[in-house]
Amino acid sequence: MTNSSQAAPAASDTKRRLPPRSRRLVVVALAIAVLIVILVRSLVLEIFYIPSGSMDPTLRSHDRVAVWRPGADDPHRGDVVVFDGKGSLAPYDSGANWLTETVSDLGSWLGLGTRQGVYVKRVIGVAGDHVTCCSADGRITVNGEPLDEPYVAPGDKLSETPFDVVVPEGRMWVMGDHRSDSVDSRSLIGSPGGGLIRTNKIIGRPVAVLWPLDRMTRIDR
């Protein structure tokens, strides 16, 4: 004989279960939400982890920044940009195995780690600019005019390396704000391309520091 007091909760549990149609709707809604997040992260806004102090004090090591992707391949002088440095500042092949690179890329996508071969620098010269270092008073000039660079790390010289370049179409000259601790266009002088980074390698432009909370701020052009 079945104990009715034990059967009652089972019947109650059955009533609380979602019908198959409702369960399918929940699954579809979750799939659509995930797809929207992937599309936004891939096409509009991405989160990047800053692994070093080469952009200090503008961006500091361990910052998480929101990076705006649309229009990224048309940089303005003075913009901070995130770009793929493979073939310029980094080798095409990192030497890591596929599993390590996959984990690294996933961590970068989640904003928990850095993507191999990706850099963040400031655009100093764009197509047509004549960029030189340094003037008699030690400043970088663009088209003969000295740059005002309040973003450079306090105590840093504007550059220890002299250079004189004309930026061709589709390229840019980039430097870190922490000039004494930055691998940038100056590091490639004498190499093929002469330190000029392709603008089609730009991933996006940082628009805000998201983490840590005490550094949360907007990054203006």
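We count residues from 1, following the sequence as given. Because the structure is a prediction, the values reported are computed rather than measured. All heavy atoms count here, side chains included; hydrogens, waters and symmetry mates do not.
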Check: Asp84 side chain, Lys86 main-chain N or O, donor-acceptor pair, under 3.5 Å
yes
In short, ring pair (Phe, Tyr, Trp, His ring centres under 6.0 Å) pairs touching residues 142-170 with sequence neighbours left out are Phe163-Trp173
Do side-chain atoms of Lys121 reach the backbone of Ser54 as a donor and acceptor pair under 3.5 angstrom?
no
Would you check if Asp129 and Arg77 make a side-chain contact, meaning some heavy-atom pair closer than 4.5 Å? yes
*pair Ile197-Phe83: side-chain heavy atoms closer than 4.5 Å*: yes
Do Val80 and Met175 share a hydrophobic cluster (ILVMFWY, side-chain heavy atoms under 4.5 Å, transitive)? no
Tightest non-hydrogen contact, residues Gly85 and Tyr119, listed as CA-CD1, 4.0 Å
With side chains defined as the heavy atoms from C-beta onward, is the minimum distance between Leu188 and Leu89 less than 4.5 Å? yes
Using the rule that two of Ile, Leu, Val, Met, Phe, Trp, Tyr join whenever any of their side-chain heavy atoms come within less than 4.5 Å, decide whether Ile124 and Leu158 are in one cluster. yes
Closest heavy-atom pair, Arg69 versus Ile203, reported as atoms and distance to 0.1 Å, is NH1-CG2, 3.3 Å
- Check whether any side-chain heavy atom of Phe48 lies under 4.5 Å from a side-chain heavy atom of Arg64, and answer yes or no. no
message = Same cluster or not: Val165 versus Val142, using hydrophobic residues (I, L, V, M, F, W, Y) connected whenever any side-chain heavy atoms lie under 4.5 Å apart?
response = yes
Sorted by chain and number, sequence neighbours left out, side chain to side chain donor-acceptor pair (under 3.5 Å) with Asp63 holds for Arg215
To the nearest 0.5 Å, atom CG of Asp79 lies from atom CG of Asp220 at 11.0 Å
Quick note, side chain to side chain donor-acceptor pair (under 3.5 Å) partners involving residues 185-196, not counting sequence neighbours, are Ser159-Arg186, Asp184-Arg186
- Query: Should Met216 and Leu59 be counted in the same cluster of Ile, Leu, Val, Met, Phe, Trp and Tyr side chains packed under 4.5 Å apart?
  - Reply: no
Between Pro51 and Ser61, the two heavy atoms sitting closest are O-OG, 3.6 Å
The side chain to side chain contact (heavy atoms under 4.5 Å, CB included) partners of Trp68 (sequence neighbours excluded) come to Val44, Leu45, Pro70, Val207
Residues passing the side chain to side chain contact (heavy atoms under 4.5 Å, CB included) test with Thr199, sequence neighbours excluded, are Pro75, Met172, Ile202
Non-hydrogen side-chain atoms of Val126 and His76 separated by less than 4.5 Å:
no
Hits for salt bridge (charged side-chain N to carboxylate O under 4.0 Å, His left out) against Arg60, two or more places apart or cross-chain, chain-then-number order -> Asp56
Min side-chain heavy-atom separation Ile140-Arg179 under 4.5 Å: yes
Contacts satisfying ring pair (Phe, Tyr, Trp, His ring centres under 6.0 Å) that involve residues 196-221 (not counting sequence neighbours) are none
The ring pair (Phe, Tyr, Trp, His ring centres under 6.0 Å) partners of His130 (sequence neighbours excluded) come to none
Glu160 meets the side chain to side chain contact (heavy atoms under 4.5 Å, CB included) criterion, sequence neighbours left out, with Lys157
Exercise. Given the rule that I, L, V, M, F, W and Y join up when any side-chain heavy atoms are under 4.5 Å apart, are Val152 and Val174 in one cluster?
Worked result: no
Under 3.5 Å: donor-acceptor pair, side chain of Arg205, backbone of Ala72: no
Hits for salt bridge (charged side-chain N to carboxylate O under 4.0 Å, His left out) against Arg122, two or more places apart or cross-chain, chain-then-number order -> Asp177
How far apart are the C-alpha atoms of Ser88 and Arg198, what are their side-chain angles, what is the distance that settles it, and do they pass the side-chain contact (heavy atoms from CB on, under 4.5 Å) test? CA-CA 9 Å; Ser88 55; Arg198 294 183 183 275; over 6 Å; no
Residues passing the side chain to side chain contact (heavy atoms under 4.5 Å, CB included) test with Ser180, sequence neighbours excluded, are Asp156, His178
Heavy atoms of Gly117 and Ala90 approach each other most closely as CA-CB, 4.0 Å
So salt bridge (Lys or Arg N to Asp or Glu O under 4.0 Å) across residues 166-175, not counting sequence neighbours, yields none
Answer whether the closest heavy-atom distance between the side chains of Pro150 and Asp148 falls below 4.5 Å. yes
